[in-house]
Structure formats: C-alpha cells, structure tokens
Enquirer: 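Below you'll find the structure I mean.
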Amino acid sequence: MKYIELNEIDSTNAYLSEKLLSGEITEPTTVFTHSQNKGKGMGQNIWVSDNDKNALFSIALFTEIKTEEIFKVSLATSMAIYEFLKLKGITTKIKWPNDIYYDGKKLGGILIENKLDGNMVKASVIGVGLNLNQEKFPKWLPNPISLKNITGHDYDAKEFITGISEMVEKKLNEIKDVPFADLRLDYLLNLYCFGKIMMWKIQGIKDEISGSIVDVKPSGKIVVQAVSGQLCECDIKEIKLIDDF
Ligand code: BTN
C-alpha cells in the first residue's frame, strides 16, 4: 500500500477519484489528510471533522469484482474496520449498509465510489471517516461519538489509517472469490439491529411497518421481513429505519 499525506484537501475521495481517472494512481494507495473542508458523506450528506482530530482517508483498490457482487467491497471494508476496532478492545456494530456504530451512535462512516467497466468493478475509492479524538460535535449532527468519548484515551490517527487500510486490502483479496452466500452470515451477525423488530418506512408501502432484517443480498439490498410475514427487498433509498435518529 502506498500512502499520500495531505495537509488540507476538499475531500480525500474526490482527490483520489480524480487521480484514478487521470491514470496517476496505478497501485493500491491510501490518501489521508489532517483537514478536510468539503468532506463527502453518503447521498447528499457532508462529513464534518475538526482538524487533526480524526482519521480521514480514502483507499484506492483495483477491485476486480463482478458488479452483481458489488456489496463485497462494502462488506470487506466494514468488516475490516469492525475487526480492527475489536483488536483495540472496542466492539462495534455495523449499521447497514456501512456505518460503524457504538452504543447506538455513529463512530464512523464509509463512502465507496466504484469505477465500473462492463460487468466488473475495476477500482474502488473507499473513503473512511472515523471519529477518534474529537470530543465535541456540532449540535445538528444526529448521534456522533468518538473513541475518546468512549474510552477517554487519545488515539494515533496514522496507526488507525495504516492498520485499517492494510486490513481492508487483505479482506477484499480474501473474500473476492468466496461465494457471497458464505460471507453474509458473518456480516449479518455484526449488524446493528439484526433480527430485532424495528419500525421501518418502506417506499411504496403507505404505513410504517414493523419487521426485522433477515438477509443481505450480493447487490447490497437488505431484506426486511414484516411481522405479517411479507418480505421486502430494499436498497438504501427505499427504506428508512424509524426512531433511529
Ligand atoms: C457517511 O457516513 O455518510 C460516509 C462518510 C464518509 C466520510 C469520509 S472522510 C474521508 C473520505 N473523504 C470524503 O470526502 N468522505 C470520506
């Protein structure tokens, strides 16, 4: 893994995607920064972080995964972060599709941008924001938490960035050719609210339903089973967990 350190940048994801597109990045590379002034989150969200407090980085990997199994990138990343934090004594949950949760609060987020070619994912830019040493967050953020909030200790961002980058690369290589059916249970068992009856708002269904997550598909779609028995397969835009935040 090659590392590029930037003092300040708009977004490590935007920076790395651009370099990948222009052909400047030809080997697995992690870009990290001390200050990100236009951090991108999932959907229309932004990612905010105080300078020099948290891990802000993006990993470019030459994925070579079939697009129908695109969720393997996400699964490998969230599982690698879960395992890295476990080694540090912190047991987290993954909130589908790929938030890192501790005690019902958001410790980290992942933003994956894939470069496709036909039916293959050729490369992925995997952006990770992990709250390490920041103790106070803007009021408008729904439910943030940092490792410092949890343990009272300070953490070395570089150690997290290199450790997680290596583990993500290794994990993706390990699972690339493993059938998705053999990977899903490990992921599901680490999922926030897995098997618990929760309230959901699902696109196309008028009323909120109560049901639980029962499966995840290679595409990344989640399967929720309503208490009525009905199965709903949804992508991120089609389902919302109610009462979460
Ligand atoms: C989310 O939970 O919405 C995903 C957040 C991802 C944030 C990280 S910070 C480093 C990298 N660069 C970005 O612009 N975003 C990701």
Side-chain angles (χ1 to χ4, degrees), residues 1 3-21 25 28-61 70-71 73-82 84-85 92-102 104-115 123-134 137-138 140-147 155 157-165 167-169 191-193 220 222 235-237 239-241 244-245:
M1 183 71 63
Y3 291 92
I4 300 173
E5 180 171 2
L6 302 170
N7 264 330
E8 190 182 359
I9 192 74
D10 51 354
S11 151
T12 54
N13 260 47
Y15 175 91
L16 205 48
S17 295
E18 225 176 270
K19 297 271 178 233
L20 203 61
L21 215 66
I25 300 280
T29 301
T30 288
V31 171
F32 62 100
T33 188
H34 297 267
S35 160
Q36 193 173 238
N37 53 45
K38 219 172 150 197
K40 297 201 282 178
M42 291 262 286
Q44 299 301 309
N45 295 340
I46 56 168
W47 187 259
V48 290
S49 164
D50 284 356
N51 296 348
D52 270 318
K53 289 280 179 189
N54 303 315
L56 302 166
F57 61 109
S58 299
I59 313 160
L61 293 178
I70 200 162
F71 196 63
V73 184
S74 183
L75 184 145
T77 306
S78 54
M79 292 293 285
I81 296 175
Y82 166 87
F84 181 86
L85 291 172
T92 51
K93 286 278 174 197
I94 300 164
K95 179 162 179 265
W96 177 81
N98 45 25
D99 284 347
I100 306 299
Y101 259 48
Y102 179 88
K105 298 197 174 85
K106 185 157 168 168
L107 183 62
I110 300 164
L111 176 68
I112 300 174
E113 298 178 286
N114 290 305
K115 196 174 140 200
S124 303
V125 171
I126 302 168
V128 180
L130 195 61
N131 299 327
L132 301 181
N133 303 317
Q134 187 166 338
F137 293 88
W140 53 268
L141 273 181
N143 56 352
I145 194 167
S146 66
L147 285 188
Y155 293 86
K158 246 186 212 167
E159 187 200 333
F160 276 66
I161 291 162
T162 51
I164 290 173
S165 296
M167 278 179 83
V168 170
E169 185 186 22
L191 214 51
Y192 176 66
C193 290
I222 199 89
D235 72 24
I236 186 78
K237 286 176 244 91
I239 188 163
K240 194 169 163 24
L241 183 57
D244 183 37
F245 47 80

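Everything numeric here is computed off the predicted structure, so don't read it as measured data. All ligand and atom numbering here is 1-based and tracks the order in the structure.
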Enquirer: Which ligand 1 atoms, with their elements, are less than 4.0 angstrom from a heavy-atom of Phe57?
Expert: 10 (C), 11 (C)
Enquirer: Does Lys19 have any side chain to side chain contact (heavy atoms under 4.5 Å, CB included) partners at least two apart in sequence or in another chain, and if so, which?
Expert: Tyr15, Glu24, Ile25
Enquirer: So if I count the atoms of ligand 1 from 1 in the order they appear, which ones are less than 4.0 Å from some heavy atom of Gly39?
Expert: 14 (O)
Enquirer: Can you name the residues that form a side chain to side chain contact (heavy atoms under 4.5 Å, CB included) with Pro28, not counting sequence neighbours?
Expert: Met1, Leu61, Phe62, Glu169
Enquirer: Which ligand 1 atoms, with their elements, are less than 4.0 angstrom from a heavy-atom of Ser58?
Expert: 11 (C), 12 (N)
Enquirer: What residue and heavy atom of the protein are closest to atom 2 (O) of ligand 1, and at what distance?
Expert: Lys106 NZ, 2.6 Å
Enquirer: So which atom in Asn13 and which in Ser58 form the shortest heavy-atom distance, rounded to 0.1 Å?
Expert: OD1-OG, 2.6 Å
Enquirer: Other residues, nucleotides and ligands only: do more than 12 of their heavy atoms fall within 6.0 Å of CD on Glu18?
Expert: no
Enquirer: Can Asn51 and Ser35 be counted as having a side-chain donor-acceptor contact under 3.5 angstrom?
Expert: yes
Enquirer: Who's the nearest protein heavy-atom neighbour of atom 6 (C) of ligand 1, and how far?
Expert: Lys40 O, 3.5 Å
Enquirer: Quick check on contacts: which atoms of ligand 1 are under 4.0 angstrom from a heavy atom of Gly41?
Expert: 1 (C), 3 (O), 4 (C), 5 (C)
Enquirer: Using a distance-only test with no angle check, is there a side-chain donor-acceptor pair under 3.5 angstrom linking Asn143 and Tyr101?
Expert: yes
Enquirer: Where is the nearest protein heavy atom to atom 11 (C) of ligand 1: which residue, which atom, and how far?
Expert: Thr12 OG1, 3.2 Å
Enquirer: Looking only at protein heavy atoms, which one is nearest to atom 9 (S) of ligand 1, and what is the separation?
Expert: Gln36 NE2, 3.4 Å
Enquirer: Give the residue and atom name of whichever protein heavy atom lies nearest to atom 5 (C) of ligand 1, and the separation in Å to one decimal.
Expert: Trp47 CE3, 3.4 Å
Enquirer: Give yes or no for whether the N/O distance cutoff of 3.5 Å, strictly under, is met between Met42 and ligand 1.
Expert: yes
Enquirer: Counting heavy atoms only, which part of Asn45 comes closer than 4.0 Å to ligand 1: side chain, backbone, both or neither?
Expert: neither
Enquirer: Can you tell which part of Asp99 has a heavy atom less than 4.0 Å from ligand 1: side chain, backbone, both or neither?
Expert: side chain
Enquirer: What is the minimum heavy-atom distance between Met42 and Pro97, and which atoms define it?
Expert: CE-CG, 3.7 Å
Enquirer: Return the CD1 to CD1 distance between Ile164 and Ile59, rounded to the nearest 0.5 Å.
Expert: 8.0 Å
Enquirer: Specify the closest pair of heavy atoms between Pro138 and Val48, including all atoms of both residues, with the distance to one decimal.
Expert: CG-CG2, 4.2 Å
Enquirer: What do you reckon, does Ser11 have a nitrogen or oxygen under 3.5 Å from a nitrogen or oxygen of ligand 1?
Expert: yes
